[in-house]
Amino acid sequence: PENTLSSPCLLPASFRFLSRNHLVTSSIPLHYHPVLSPYLPRALTPYTFTFPFSVFILKICTLANFSVPLPNISAENMTKEFQMLAKTFKGLEQVLAKELIELGANNVQIERRAVSFTGDMRMLYTANFCLRTASRVLVPIATFKAKKTDDIYEQVKLLDWAQYMTAKNTFQIDATVYSDLFRHSQFITYRVKDAIVDWWMEHGGVRPNVQLTNPDLYLNVHIAGDTVTLSLDSSGESLHKRGYRVANTQAPINEALAAGMLLLAGWQGQSDFYDPMCGSGTLLIEAALIARNIAPGIYRKGFAFEKWANFDADLFEDIYSDDSRERDFQHKIYGSDAGFYAVQVANKNIQSANLQRDIEVKQIRIEELKLADQSTEGALVMMNPPYGERLSQDKNVLRLYQDIGTALKHQFSGATAWMISSNEEALKCVGLRPAKRIHLVNGDLDCLFNQYVLFKGDRKSWKKSL
């Protein structure tokens with residue numbers, strides 16, 4: 001029974017809901033269970049329970065946090081509409097703004113690599129759970145001017161920290177700095193930490209601790225020029241870490257960036273989809289999630305807001321359990337890669353996401369790809385090929401991009417293709433004129449995200465046929 005746990009209220013709402021309604025006696029992976037599989041959320045199906053439990057206890061030490069719960073975090077303000085900020089990648093701000101508007105956010109405004117908006121607690125939970133292109137959702141609690149780090153210390157120390165934590169809570173601080181006045185983000189985090197610790201020493205004599213892994217409270221400091229914004233981080237671990245990735249290839253593309261690329265391309269599941277250089281399968285999985293309109297947060301173990309004392313477990317359970325937005329997908333998603341290991345990794349991640357029914361992956365080099373028995377009319381092709389940052393790779397990479405161009409022209413007629421790369425010289429070797437060029441950032445690399453409209457014959461004849 002649920003009351004056998006010493007602190008059951010701290011289990012994520014979805015697992016508490018299941019504990020009240022299901023009895024697990026399986027010793028096989030749940031996605032193979034003949035009775036339970038159709039009724040279980042995707043987030044649970046990859047896991048195996050090896051002996052009976054009347055409560056879903058899954059890695060209990062990480063799912064149930066037994067630290068002292070946080071007091072109300074500005075409860076008077078948080079129960080009404082309040083300001084929030086969703087962070088994203090350069091070039092995806094418009095996409096993120098559209099996502100927020102579709103979710104029902106108010107006062108949506110585009111900022112630098114971020115979108116500000118207002119909403120209530122339901123919107124906070126929904127944004128974390130449903131946004132595909134956000135990295136985190138912040139709740140600002142203070143904005144002030146500062147010329148030196150001592151100014152930051154003094155302003156942070158003026159806050160009433162009893163509104164946000166207790167002395168027994170752990171916390172973590174992340175800083176982002178765009179300023180000539182402040183050069184070292186690490187030193188900023190030290191000064192903010194000092195201010196919080198000193199405040200507590202003066203208001204009870206007990207020192208709270210910094211904890212870099214799984215803290216009770218995540219804080220974010222953003223400095224632009226002389227303007228400092230201190231926020232509560234409601235997400236915790238970056239939202240691009242969906243939870244379905246169980247294996248990696250070298251330099252996999254960020255999940256939020258992959259989703260943003262798909263949305264920029266207009267992908268909604270309206271056709272077949274191809275990624276002939278699929279690597280670990282990120283584009284394939286994100287394409288399937290969008291096609292079926294499955295919330296990306298379904299796989300996550302938790303969010304930082306679940307540790308806030310004003311966390312409404314019933315409200316979040318309602319959001320988590322609502323599948324009314326999901327839809328059917330009538331087409332197919334195809335992936336391929338030259339590497340045996342990459343195909344194995346992709347299949348593991350696809351199985352972890354429980355999307356095998358929609359995605360098919362095979363091992364084949366792009367120059368050997370033959371699709372004579374498949375119509376690619378109206379299909380979407382997208383890939384993230386190697387960029388060839390090292391000089392020793394230059395000749396091989398240029399040849400690879402030539403092969404990509406040949407495959408696009410001869411195997412994907414009637415489709416629309418998109419490719420991201422930081423190597424402009426290699427992109428020229430594709431031999432196709434981009435219909436669109438969008439500037440994006442992948443990691444610390446400035447990239448071009450090029451669109452190619454693929455047709456039979458020459459461009460002049462194609463234009464006449466339109």
Side-chain angles (χ1 to χ4, degrees), residues 12-14 17 41 43 70 72-89 92-143 163-164 217-220 222 229-243 255-256 259-260 263 289-290 293-326:
S14 56
F17 173 77
L70 297 169
N72 285 340
I73 298 180
S74 301
E76 183 179 345
N77 295 323
M78 297 282 279
T79 53
K80 301 176 182 177
E81 189 155 309
F82 53 93
Q83 190 74 31
M84 287 172 269
L85 185 79
K87 305 284 286 184
T88 190
F89 292 89
L92 297 184
E93 296 91 345
Q94 292 279 359
V95 178
L96 176 56
K98 184 179 178 183
E99 282 194 273
L100 283 163
I101 291 169
E102 289 174 352
L103 290 177
N106 298 322
N107 303 307
V108 176
Q109 294 186 353
I110 292 174
E111 302 190 15
R112 178 177 179 173
R113 300 191 184 189
V115 179
S116 63
F117 62 103
T118 61
D120 56 11
M121 290 300 290
R122 175 177 283 274
M123 177 51 59
L124 177 74
Y125 298 171
T126 302
N128 275 283
F129 191 67
C130 294
L131 288 176
R132 302 183 190 280
T133 58
S135 58
R136 59 189 67 252
V137 179
L138 306 176
V139 180
I141 58 174
T143 301
Q163 292 186 59
Y164 310 110
L217 185 68
Y218 289 83
L219 295 167
N220 180 276
H222 182 274
T229 303
L230 180 63
S231 303
L232 304 176
D233 182 348
S234 68
S235 305
E237 195 170 40
S238 176
L239 295 176
H240 84 271
K241 296 182 179 180
R242 311 292 202 216
E255 290 87 338
L263 294 173
L289 293 178
I290 293 171
N293 207 24
I294 297 170
I298 197 79
Y299 306 100
R300 282 188 49 122
K301 292 179 182 177
F303 300 89
F305 63 74
E306 291 183 74
K307 294 184 180 181
W308 295 0
N310 62 350
F311 172 56
D312 188 333
D314 291 333
L315 175 59
F316 184 53
E317 184 178 290
D318 180 54
I319 294 167
Y320 186 99
S321 304
D322 182 10
D323 61 358
S324 61
R325 293 172 182 250
E326 294 185 14

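Quick caveat: nothing in here was measured; it's all calculated off a predicted structure.
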- Task: Would you check, one step at a time, whether the test side chain to side chain contact (heavy atoms under 4.5 Å, CB included) holds for R300 with E237?
- Result: CA-CA 10 Å; R300 282 188 49 122; E237 195 170 40; 4.1 Å; yes
- Hey, are N220 and S231 close enough side-chain-wise for a donor-acceptor pair under 3.5 Å? no
- Message: Rounded to the nearest 0.5 Å, what separates atom CD1 in I141 from atom CG in L219?
- Response: 6.0 Å
- Query: Within the side chain of E99, is there an N or O that forms a donor-acceptor pair under 3.5 Å with the backbone of T133?
  - Reply: yes
- Check: T118 main-chain N/O paired with N107 side-chain donor or acceptor under 3.5 Å: no
- Between CG of L85 and CD of Q109, what distance do you get to the nearest 0.5 Å? 11.0 Å
- Note, K87 side chain near S135 side chain (heavy atom, < 4.5 Å): yes
- Query: So, for A86 and A134, which heavy atoms are closest and what is the spacing to 0.1 Å?
  - Reply: CB-CB, 4.3 Å
- Query: What's the spacing between S234 OG and E306 CD if we round to 0.5 Å?
  - Reply: 11.0 Å
- From CA spacing to verdict: side chain to side chain contact (heavy atoms under 4.5 Å, CB included), F129, D322: CA-CA 11 Å; F129 191 67; D322 182 10; over 6 Å; no
- Using ring-ring contact (aromatic ring centres under 6.0 Å, His included) as the criterion, list what pairs up with F305, not counting sequence neighbours. Y125, F303, F311, F316
- Closest heavy-atom pair, W308 versus L217, reported as atoms and distance to 0.1 Å, is NE1-CD1, 4.0 Å
- Note on the structure: Rounded to the nearest 0.5 Å, the CG atom of L232 sits from the CG atom of L124 at a distance of 9.5 Å
- Using modelled atom types only, decide if a donor and an acceptor are shared between the side chain of R132 and the backbone of G260 within a distance under 3.5 Å. no
- List the steps and the verdict of side chain to side chain contact (heavy atoms under 4.5 Å, CB included) for L239 and V137. CA-CA 9 Å; L239 295 176; V137 179; 4.2 Å; yes
- Note on the structure: Separation between OG1 (T126) and CE (M121), nearest 0.5 Å, reads 10.5 Å
- Query: OG1/T88 to CG/L131 distance, rounded to the nearest 0.5 angstrom?
  - Reply: 9.0 Å
- Please report the shortest heavy-atom distance between E93 and E111, naming the atom on each side. CG-O, 3.6 Å
- Message: So which atom in Y218 and which in A304 form the shortest heavy-atom distance, rounded to 0.1 Å?
- Response: CD1-CB, 3.6 Å
- Note on the structure: Q83 and P140 have their tightest heavy-atom pair at O-CD, 3.4 Å
- Could you walk me through whether D318 and R122 pass side chain to side chain contact (heavy atoms under 4.5 Å, CB included), step by step? CA-CA 10 Å; D318 180 54; R122 175 177 283 274; 2.9 Å; yes
- Note on the structure: In short, F117 meets A127 closest at the heavy-atom pair CZ-CB, 4.3 Å
